[in-house]
Amino acid sequence: MDVVPVLNALACKSHLWNQYPLRTTFPGSPHSDCDDILLFFNDIPDDPAVVVDDISVKPYPAWNELPQVHDLVFNLMRRVGGVQLGRVMITRLPAGKSIPEHSDGGAPASYFQRYQIALQCLPGCNFHIGEEVIQFYMGECWWIDNASPHSVVNNSADDRIALIVDIRTC
């Protein structure tokens, strides 16, 4: 996938990072070392203890500010036979940081299929899932069984940036 237009847009729109820091600031979150841009996400309640509807999502302002992402998302939906779009996020993990092992729950793991498009991922950044260690390369798209334990270690020289897309396929 051609991800250069998205990377160029992100370089010009640094204000989009962490506008909605729920994933990175939630107590005990494995994503505390990350920065996020929410493109499609569920409503975020004022009280984080409230159970959220994580099947219904809505576009966040960054969706309109990053039209370069639209073709990647919709082409992926067509490619996998998607019938419903779930969460769409861009996440950034700085060099030298990690996402500890965890398993996702709720609709993002049980109702949707999770795909990750590597926007920027240099050698030394590894995705661990089960017994596998995967090196993503720029422009690659991977299906991730996010209900299984997984982690990321970024021992590369630069940020790891991934576009996460949840799609209902049947």
Answer yes or no: is there a donor N or O on one side and an acceptor on the other, between the side chain of [X] and the main chain of [Y], under 3.5 Å?
X: Glu132; Y: Ile129; answer: no
X: Asp35; Y: Ile37; answer: no
X: Asn18; Y: Asp36; answer: yes
X: Asn146; Y: Pro108; answer: yes
X: Gln120; Y: Asp159; answer: yes
X: Thr91; Y: Ala162; answer: no
X: Arg168; Y: Tyr111; answer: yes

Legend entry - Aromatic plane relationship, Phe40 with Trp63 - under 30° parallel, 30 to 60° tilted, over 60° perpendicular: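 Correct class here is perpendicular.
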Inset, instruction - Hey, can you tell me if His102 and His31 have their rings parallel, tilted or perpendicular (30° and 60° cut-offs)? - result: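 If you compare the ring of His102 with that of His31, the planes turn out perpendicular.
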So, taking the atom named [atom1] in [X] and the one named [atom2] in [Y], what distance separates them when rounded to the nearest 0.5 Å?
X: Tyr115; Y: Leu76; atom1: OH; atom2: CG; result: 6.5 Å
X: Asp104; Y: Asp54; atom1: CG; atom2: CG; result: 10.5 Å
X: Asp166; Y: Leu85; atom1: CG; atom2: CG; result: 8.0 Å
X: Phe26; Y: Ser32; atom1: CZ; atom2: OG; result: 13.0 Å
X: Arg87; Y: Arg23; atom1: CZ; atom2: CZ; result: 8.0 Å
X: Arg160; Y: Ile99; atom1: CZ; atom2: CD1; result: 5.5 Å

Same apolar cluster (I L V M F W Y, side chains within < 4.5 Å links), [X]/[Y]:
X: Val88; Y: Phe136; value: no
X: Val69; Y: Met89; value: no
X: Trp17; Y: Leu163; value: yes
X: Val57; Y: Phe112; value: no
X: Met77; Y: Leu119; value: yes

Considering all heavy atoms of both residues, which atom of [X] and which atom of [Y] are nearest to each other, and what is their separation?
X: Gly124; Y: Gln135; result: N-OE1, 3.3 Å
X: Cys34; Y: Leu93; result: SG-CD1, 3.9 Å
X: Tyr20; Y: Ile44; result: CB-CD1, 4.2 Å
X: Asp43; Y: Tyr60; result: CA-OH, 4.0 Å
X: Cys141; Y: Met1; result: CB-CE, 4.1 Å
X: Ile117; Y: Val3; result: CG2-CG1, 3.9 Å

Inset, instruction - Check the pair Ile90 / Leu39 against side-chain contact (heavy atoms from CB on, under 4.5 Å), numbers first and verdict last. - result: CA-CA 8 Å; Ile90 299 173; Leu39 300 166; 3.9 Å; yes
Inset, instruction - Report the C-alpha distance between Leu66 and Leu10 in whole Å, list the side-chain angles of each, state the deciding distance to 0.1 Å, and finish with yes or no for side-chain contact (heavy atoms from CB on, under 4.5 Å). - result: CA-CA 8 Å; Leu66 293 171; Leu10 289 173; 4.0 Å; yes
Legend entry - Ser156: side-chain hydrogen bond (donor to acceptor under 3.5 Å, both in side chains) partners, not counting sequence neighbours: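 By the side-chain hydrogen bond (donor to acceptor under 3.5 Å, both in side chains) rule, Ser156 matches Asn154.
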Inset, instruction - Give the C-alpha distance, both sets of side-chain angles, the deciding distance and a yes or no for side-chain contact (heavy atoms from CB on, under 4.5 Å) between Val152 and Cys125. - result: CA-CA 7 Å; Val152 181; Cys125 183; 4.0 Å; yes
Inset, instruction - Determine whether Ser103 and Pro149 make a side-chain contact, defined as any pair of heavy atoms from C-beta on separated by less than 4.5 Å. - result: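 Side chain of Ser103 against side chain of Pro149, heavy atoms only: contact under 4.5 Å found.
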Inset, instruction - Would you indicate whether the side-chain heavy atoms of Leu7 and Met138 approach each other to under 4.5 Å? - result: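 Yes; the side chains approach each other to less than 4.5 Å.
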Inset, instruction - Give the intermediate values and the outcome of side-chain contact (heavy atoms from CB on, under 4.5 Å) for residues Val80 and Gln113. - result: CA-CA 10 Å; Val80 301; Gln113 300 291 313; over 6 Å; no
Inset, instruction - Start with the C-alpha distance between His150 and His128, add both sets of side-chain angles, then the distance that settles ring pair (Phe, Tyr, Trp, His ring centres under 6.0 Å), and finish with yes or no. - result: CA-CA 5 Å; His150 57 282; His128 301 257; over 10 Å; no
